[in-house]
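As the structure is a computational prediction, the values presented were derived from the model and not from experiment. Within every chain, numbering begins at 1; the chains are lettered A, B, ... in the order of the sequence lines, protein sequences first and strands thereafter.
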Amino acid sequence: MQVDIQGQTVEIEDQASCAQAFSNALSKKMMKQVVAARLGDTVVDLTTTIPAGTTEIIPVFDASPEGLDVIRHSTAHLMAEAVKRLYPEAKVTIGPAVDKGFYYDFDFDRPFTPEDLESIEKEMVRIAGANKPFERKVVSKAEAVSLFKGMGEDYKVEIMDDLGGDEFSLYSNGDFVDLCRGPHVPATGFLKAFKLTTVAGAYWRGDEKNRQLQRIYGTAWANPKDLKKHLQQLEEAKKRDHRKLGTQLDLFSFHEEGGAGMTYWHPKGALLRTILEDFERKEHLRRGYSIVQGPQLLKRELWEKSGHYDNYRENMYFTEIDNQAYGVKPMNCLAHMLIYKTRVRSYRDLPLRFFELGVVHRHEKSGVLHGLLRVRQFTQDDAHLLCRPDQLQDEIIGIIDFVRDIMGLFDFTFEAEISTRPEKSIGSDEDWDRATDALKNALDKAGLSYDINEGDGAFYGPKIDIAIKDALDRKWQCATIQCDFTLPERFDLVYVGEDGARHRPVMLHRVILGSVERFIGVLLEHCGGALPTWLSPEQARVLTVTSVHDEHADTVAKHLAAAGIRVHADKRNEKLGYKVREAQLEKIPYMLVIGDSEVEAGGVNVRTRSGENLGLKSPQEAVEMILADSTQPFKRGGMSYSFDACPV
RNA sequence: GCCAGCGUAGCUCAGAUGGUAGAGCAACUGAUUCGUAAUCAGUAGGUCCGGAGUUCAAUUCUCCGCGCUGGCUCCA
């Protein structure tokens, strides 16, 4: 087949010759033209055979996702070359492109310092400037093994052994040769916008038991402009960091002397939580859940019976009272099962939906704690649904609907995943299959796409995980739906069926927000601290121009408060501009300014936190406007919800 | 838990080859009565994360803790 590679007609027979032709064409004189002609959207992947009938190949190294991938992966090679030049003893392992950048893992006997990163980056710039071509070569395994062994690169040999096969492709740029499937940019000169960001420890093959390598992270883009934009976005994201907002808005704090991973909620933060929790209670009651509450401590034997002691012990706190060992609950399910067992349940009673805002403690490893997003004590909006097998599907769909309503209300987009049986687990394979199928079917029926996460389920059952993203685009798991045939068995939960015989109910564990702490953390980042009006601890603030307006300010504030609006009057002897600035920084939705003309008219002048001036309104008009804004319509299902008007 | 970096006033940050430290904002006091993001002046505020070691002397150097940050592993 004849194809045109950037103006050169080349005869291509197979994959290898394509690669060779491509490489030759570009390495000679075509580099500049390639950059200039890079408008097409065909991606050349040298690992796949060029489709029959192809007449033109336009390589893509631009800002398209595929192009960025090639650029980033090539930059990883560039970095590896720089590292090998500066520190020849370092052994190379793997270096893939990742979201927004790349990394490369090295085995090196001393840690890389921030200064090392600077020298490496300088070296990279130098190599990029030399514009050395990336050249592809396919060799036999024996040849590749002897090459890498000769260089002392044992990790590469190990990778080849694992991959299997008799032939491997090598890419070289200058003196540096790496085992790689490609593709790459034609030459190092294409790499113009990169920056090394951080060093981190990472285990070989991601396994804690393996040797820890040193991972250098970097970011790379199609051009310096995009790089700059990305770095600016990172700065912007820092401003939205919920930990920073927590301090600025006086919502919560953490205390070294009190212990890591424990949150202290200040008045405004505690109020925010309370509003959110009340909302959840009402929403659950409305959907046929009943509210229950269990204790914090349960005897150790109970945790042994449930399997938590064997499978979850390292995450639990234990204590002893009168020679009796107790475990602090890391989950709420046991209490809910004990409540279930307090009476004989009929098939007519099911489904039962027990809801609890349950405070749980989990001993997370010290290195994983992260603001509100990963703490050791948190409140789950937890529920356990006990149902007949024939009700299972509908119950799961009901939960998915619930999740969609809530995520839509907060304007979150989310991603779903199904996690299957892990190594450490209890129950039979049949039950696991049944449960996994039930979850898949429900997602299919709900029309949601999902990924499969093999081996990542809870120890008692498979689960659907729903993740939302923080300011830095990191995903955080919030909602989860777990299907469990095992614990009902272990705790001998039964119901009496239509046939008069005893049957086993199925249990669904589920959370919607996940944890109140994590959800508030992500929500704060999502809205940059400007909470929706219905959740704002202070919804309106009355601002006086001078002290002669105090009386009218009090009257207005009382009027709003009587209507259920959370309002304060700022009557301090400060200039209006100062008070506006403070209210603005505190992200208070409505500022009601009162001066001479407002007193005369008996009204208020309304300013929103977006900076908009809505002009003079009567106190009653202000009340109506703020209440209307506190009513957030659900995006699906046409329901609407007002915090104070919700039916219980 | 592992790798790396960091910890100075309530907050944001300066600072010294080892000689016990500053700024802005906030707080407090006084003056000012002022129209949509900062009025002026003054006062007070710190075991420089904790402990041990080296030293005549440690906030600074070393070690051990605690905590935080970014990753890894794990997870709501």
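Backbone-only contact: A:K463 has heavy atoms under 4.0 Å from sugar-phosphate atoms and none from a base. A:L585 comes within 4.0 angstrom of a base, heavy atoms only. At the heavy-atom level, A:V375 lies under 4.0 Å from base atoms of the strands shown. Across all strands shown, A:Q477 has heavy atoms under 4.0 Å from sugar-phosphate atoms exclusively, and none from any base. Among the atoms of the strands shown, none is found under 4.0 Å from any heavy atom of A:D207. Note on A:R243: only backbone sugar-phosphate atoms sit closer than 4.0 angstrom, heavy atoms only; bases stay farther off. A:G206 comes within contact range of the sugar-phosphate backbone alone, with a heavy-atom separation under 4.0 Å but no base atom that close.
With B:rC49, B:rG71, B:rA4 as the choices, the nucleotide that has an atom nearest any side-chain atom of A:E256 turns out to be B:rC49. When distances are taken from the side chain of A:K575 to each of B:rU36, B:rC34, B:rC72, the shortest belongs to B:rC34. In the set B:rA76, B:rC74, B:rU36, the nucleotide with an atom closest to the side chain of A:N613 is B:rU36. Comparing B:rG1, B:rC34, B:rA4 by their closest approach to the side chain of A:T546 singles out B:rC34. Comparing B:rU39, B:rG35, B:rA76 by their closest approach to the side chain of A:Y578 singles out B:rU39. The nucleotide whose nearest atom lies closest to any side-chain atom of A:Q380 is, among B:rC75, B:rA76, B:rU36, B:rA76. Nearest nucleotide to the side chain of A:D596, out of B:rA76, B:rA38, B:rG35: B:rG35. Checked against B:rA76, B:rG35, B:rC68, the side chain of A:L369 finds its nearest nucleotide in B:rC68. Checked against B:rG70, B:rG67, B:rC72, the side chain of A:H370 finds its nearest nucleotide in B:rG70. Taking only side-chain atoms of A:A260, from C-beta outward, the nucleotide of B:rG67, B:rG1, B:rC75 with the closest atom is B:rG67.
Nearest-nucleotide mapping onto RNA chain B: of A:A200 and A:Q584, the residue sitting toward the 5' end is A:Q584.
Between A:K268 and A:E586 there is a side-chain heavy-atom pair separated by less than 4.5 Å. A:F378 has its side chain within reach of A:V360: a pair of non-hydrogen atoms, C-beta onward, lies under 4.5 Å apart.
Summarising the base pairing, B:rU54 is matched to no nucleotide, lacking a Watson-Crick or G-U wobble pair whose two defining distances lie under 3.5 Å. The partner of B:rC74 is absent, by the rule that a Watson-Crick or G-U pair needs both atom distances under 3.5 Å.
Between A:H242 and A:H370, the ring-plane angle classifies as tilted under the 30° and 60° cut-offs.
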Q: Take A:H336 and A:E356, measure what side-chain hydrogen bond (donor to acceptor under 3.5 Å, both in side chains) needs, and give me the verdict at the end.
A: CA-CA 9 Å; A:H336 295 187; A:E356 174 173 6; 2.7 Å; yes

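Qualifying side-chain hydrogen bond (donor to acceptor under 3.5 Å, both in side chains) partners for A:K575, counting only residues two or more places apart in sequence or in other chains: none.
Look at A:F378 and the base of B:rA76; the rings stack, centres closer than 5.5 Å and planes less than 30° apart.
Judged by atom type and distance alone, A:E598 reaches the base of B:rG35 through a side-chain donor-acceptor pair under 3.5 Å. A donor-acceptor contact under 3.5 angstrom links the side-chain atoms of A:S597 to the base of B:rG35.
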